Amino acid sequence: MNREGHVRDVMTPSRLAASVTRHPVLGAFSVAGYPDVPRSAEAFLAFTRSGAGLLEVGVPAVDPWLDGPSISDAHEIALRAGDGIATAVETIRLVTAETDRPVFGMAYWDTVRQFGPERFVREIAAAGAAGCLIADVAGQSRARWAEAASKAGLATPFLVDRGAEHGESEAICRAATGFVYVPAAGGQRTGYSAQLDLQALDACVDVVRRAAPSTPVLTGIGVSTPMMAAAVVARCDVDGVVVGSPLVRALSDGGPEAAAALVAKFVASVSSVVPEGAA
């Protein structure tokens, strides 16, 4: 793995949109520093070799409230080794030195707020990140975050709360850059593995499309198997799916090779789909 310094091309909005909308994209998530930094970086690179078109690097957090048991455990293990943000920055740096696939951070606002949003964006941008999704930034904090990220040249995807009022959802969609993230399972934590209401998901995606017609839409949370990923892509007007908990479990059980093999299955599954209504 190349550990030398590097200079990446600027991730312009058009370049980012093109990379995300290679339909359908498979986004692969894991937690930075799990089970340690070198193996974490190697896992992300293995995901790209298996066809992942976008990477989400979780910033280790003390209270990852949106995450289920598998990912929460990974956060805890990563934090035992040291500072979560420093771990994420180093992981992103190692990964972006070896791939041109867009790499996004995924963080919680409390982590970023305590560190300082302006400092945080400078550090992950310097490491090569294309952007960062913060799951729970809202209101005036959202404006501060978007301004800081924009100045650093980072995209700011946002997660749409499917239970939010219509006006709030529209504001989130219009503020998002890079992509909008729509939970496949509303009101659930990551690791949810029961059935999905695809009709309700498709209706939510339609609302997002009307609010932000030029912004890619990705979904995750509840897309637990390759078969489910294929069903989501076939039924719903999304540009791709992001998979997390299944990969973290595979990484825990069998290491980067096992997790990468599962990525390949997800990629093959979504790539074989002809969406409903297509010619």
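Quick caveat, the model's predicted, so the values are computed rather than measured. Residues take their numbers from the sequence shown, with the count starting at 1. Below, each value reflects all heavy atoms present in this structure, side chains not excepted, and no hydrogens, waters or symmetry copies.
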Say whether, by atom type as modelled, one donor and one acceptor occur between the side chain of Arg101 and the main chain of Ala52 under 3.5 angstrom. yes

Residue list, side chain to side chain donor-acceptor pair (under 3.5 Å) with Asp197, at least two apart or on another chain: none

Do you know which two heavy atoms are closest between Pro117 and Trp109, and how far apart they sit? CG-CH2, 3.5 Å

Any non-hydrogen side-chain atom of Ile124 less than 4.5 Å from a side-chain atom of Cys132? yes

For the backbone of Ile92 and the side chain of Thr96, can you confirm whether one donor and one acceptor N or O come within less than 3.5 Å of each other? yes

Would a distance-only check, ignoring hydrogens and angles, find a side-chain to backbone donor-acceptor pair under 3.5 Å from Asp239 to Leu218? no

Got Glu118 and Arg144 here, is their nearest side-chain heavy-atom distance under 4.5 Å? yes

List the atom pairs, with distances to 0.1 Å, where a side-chain N or O of residues 247-270 and a protein N or O form a donor-acceptor pair under 3.5 Å, not counting sequence neighbours.
{"from": "Ser252", "atom 1": "OG", "to": "Tyr34", "atom 2": "OH", "distance (Å)": "3.4"}
{"from": "Ser269", "atom 1": "OG", "to": "Pro226", "atom 2": "O", "distance (Å)": "2.6"}

Do Pro24 and Val241 come within less than 4.5 Å of each other through their side chains, counting heavy atoms only? no

Any side-chain heavy-atom pair from Asp63 and Asp110 closer than 4.5 angstrom? no

Main-chain N/O of Val182 paired with Thr219 side-chain donor or acceptor, under 3.5 Å: yes

Any side-chain heavy-atom pair of Thr87 and Ile85 under 4.5 Å: no

Counting only N and O atoms by type, is there a donor-acceptor contact under 3.5 Å from the side chain of Arg162 to the main-chain atoms of Ala184? yes

Between Tyr181 and Met106, does the side-chain contact (heavy atoms from CB on, under 4.5 Å) criterion hold? Intermediate values first, please. CA-CA 11 Å; Tyr181 188 100; Met106 188 280 175; over 6 Å; no

Using modelled atom types only, decide if a donor and an acceptor are shared between the side chain of Thr48 and the backbone of Leu45 within a distance under 3.5 Å. yes

Report yes if some heavy atom in the side chain of Thr215 is under 4.5 Å from a heavy atom in the side chain of Thr177; otherwise report no. no

Between Asp67 and Thr190, do the side chains contain a donor N or O and an acceptor N or O under 3.5 Å apart? yes

How many angstroms lie between CG in Leu159 and CD1 in Ile221, if you round to the nearest 0.5 Å? 5.5 Å

Would the number of heavy atoms belonging to other residues, nucleotides or ligands and lying under 6.0 Å from CD of Gln140 be above 12? no

Set out, in order, the CA-CA distance, both residues' side-chain angles and the distance that settles side-chain contact (heavy atoms from CB on, under 4.5 Å) for Thr99 and Phe44, then state yes or no. CA-CA 10 Å; Thr99 182; Phe44 282 112; over 6 Å; no

Rounded at 0.5 Å granularity, tell me how far CG in Asp237 sits from CZ in Arg209. 4.0 Å

Using the rule given for salt bridge (Lys or Arg N to Asp or Glu O under 4.0 Å), can you reason through Arg49 versus Glu42, listing the C-alpha separation, both sets of side-chain angles and the distance that settles it, and then say yes or no? CA-CA 11 Å; Arg49 293 192 293 269; Glu42 179 52 39; 2.5 Å; yes

What residues, two or more places apart in sequence or in another chain, satisfy side chain to side chain donor-acceptor pair (under 3.5 Å) together with Asp83? none

